[in-house]
Amino acid sequence: MAIKFLRTLIAISEKGNFSDAADQVCVSPAAVSQQMKKLEEILQVGLFDRNKRTPELTITGKALVPKAREIVRYYDAMLQDVNNQDAMRGEFTLGAVSSSLASLLPMSIKALLHEHPEIHIRLVTAPSHDLLPQLDRGAIDAAIMSKPLALRQHFKWQTFAQEELVVMCSKELLSSDPLELLKNNPYIRMSRYSVVGVMVDDILHQHKLNLRDAMELSSLDNITSMVSHNLGVAIVPRPCVMDHHYKDVKFIPLPTVTSRSMGILSRQDNPKVTIVDGLLHALKQTTVSFKEHETNESLPTE
């Protein structure tokens, strides 16, 4: 049985149809269909219900997917053990929170690919709470995200930065009192389902703040845009690497220091651990370089 058949089956389960799965595994939709028919012949079982307009996985097909993931994972691990000199090459599927895409991730990937140009990165963007299940089922190799509030033993967490939670407001506002800003302005809330959202709720409870909620958003980039137009204030992590998107906002420290950990989450059995470690090194170097730059340049902070 060709391992590519199992990779294609996994892609179909993730994407929901043959066409999108074909894009993921870099073959034509017709090739996907042929591979799945061949897989059914090998296993002598029907994996798809083809009576519907879009073929759907049968109960047997769905049950096969997690087993296929394990086989592919062990296969990749075996290849890396046997051919360790090729550890820094090949496809690497990386999940990332959107706030890392403006500067942190591009700068880090650039540094990584400069040293290892044969790595091909496929990027998946989602909030932290959506990246976790994708990593758990093997749809992505690693994720750049906030540290989850709880981690199962088969995960590996590696921190590259601490981001202090602060009040973010428009530069048009003159006050530098964080509690006054929160009490006297509309509040733009980070999604309650996010790791940061839970941390922020604890801060609000600690200071017994009843705020005038204006809106609730899941993306730090979107919150920054709203705040920059003076539509409200927010409690957010102060990004470890910033760019021009923050030129119209300022950050005010809270009375009690609370930080979120930013890092890379992967599985303990990840066969691409060498690439993960290489990316982690690049991320750390990027954050250190920014801190050094920050001491010499005027940035949006108080």
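These numbers were taken from a predicted model, which means no experiment stands behind them.
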Within the distance-only criterion (no hydrogens, no angle test), does the side chain of [X] pair as donor or acceptor with the backbone N or O of [Y] below 3.5 angstrom?
{"X": "R7", "Y": "R69", "answer": "no"}
{"X": "E163", "Y": "C240", "answer": "yes"}
{"X": "S219", "Y": "D221", "answer": "yes"}
{"X": "E40", "Y": "L47", "answer": "yes"}
{"X": "S228", "Y": "S225", "answer": "yes"}

Problem - With sequence neighbours excluded, residues passing salt bridge (charged side-chain N to carboxylate O under 4.0 Å, His left out) with K208 - result: none

Practice task
Answer with yes or no whether the hydrophobic clustering places Y193 together with V195; edges join I, L, V, M, F, W, Y residues whose side-chain heavy atoms lie under 4.5 Å apart.
Solution key: no

Exercise for the section: Determine whether V257 and I235 fall in the same hydrophobic cluster, where Ile, Leu, Val, Met, Phe, Trp and Tyr are linked whenever their side-chain heavy atoms lie under 4.5 Å apart. Expected result: no

Under a 4.0 Å N-O cut-off, is there an ion pair linking [X] with [Y]?
{"X": "R152", "Y": "D136", "answer": "yes"}
{"X": "D213", "Y": "R189", "answer": "yes"}
{"X": "K15", "Y": "D23", "answer": "no"}
{"X": "K62", "Y": "E56", "answer": "no"}

Exercise for the section: Please work out whether the ring planes of F251 and Y246 are parallel, tilted or perpendicular, with thresholds of 30° and 60°. Expected result: tilted

Problem - Euclidean distance, S266 OG relative to L279 CG, rounded to 0.5 Å - result: 10.5 Å

Measure the shortest side-chain to side-chain distance between [X] and [Y] over non-hydrogen atoms and say whether it is less than 4.5 angstrom.
{"X": "M190", "Y": "L217", "result": "no"}
{"X": "L265", "Y": "P148", "result": "yes"}
{"X": "S146", "Y": "V97", "result": "no"}

Exercise for the section: Would you name the heavy atoms of R50 and P55 that are closest together and state the gap between them? Expected result: CG-CB, 4.3 Å

Exercise for the section: Please name all residues satisfying side chain to side chain contact (heavy atoms under 4.5 Å, CB included) with A96, sequence neighbours left out, ordered by chain then number. Expected result: S100, L101, L105, L123, I144

Exercise for the section: Determine, step by step, whether S261 and Q162 satisfy the side chain to side chain donor-acceptor pair (under 3.5 Å) criterion, reporting the C-alpha distance in whole Å, the side-chain angles of both residues, the deciding distance to 0.1 Å, and the verdict. Expected result: CA-CA 5 Å; S261 294; Q162 295 287 338; 2.9 Å; yes

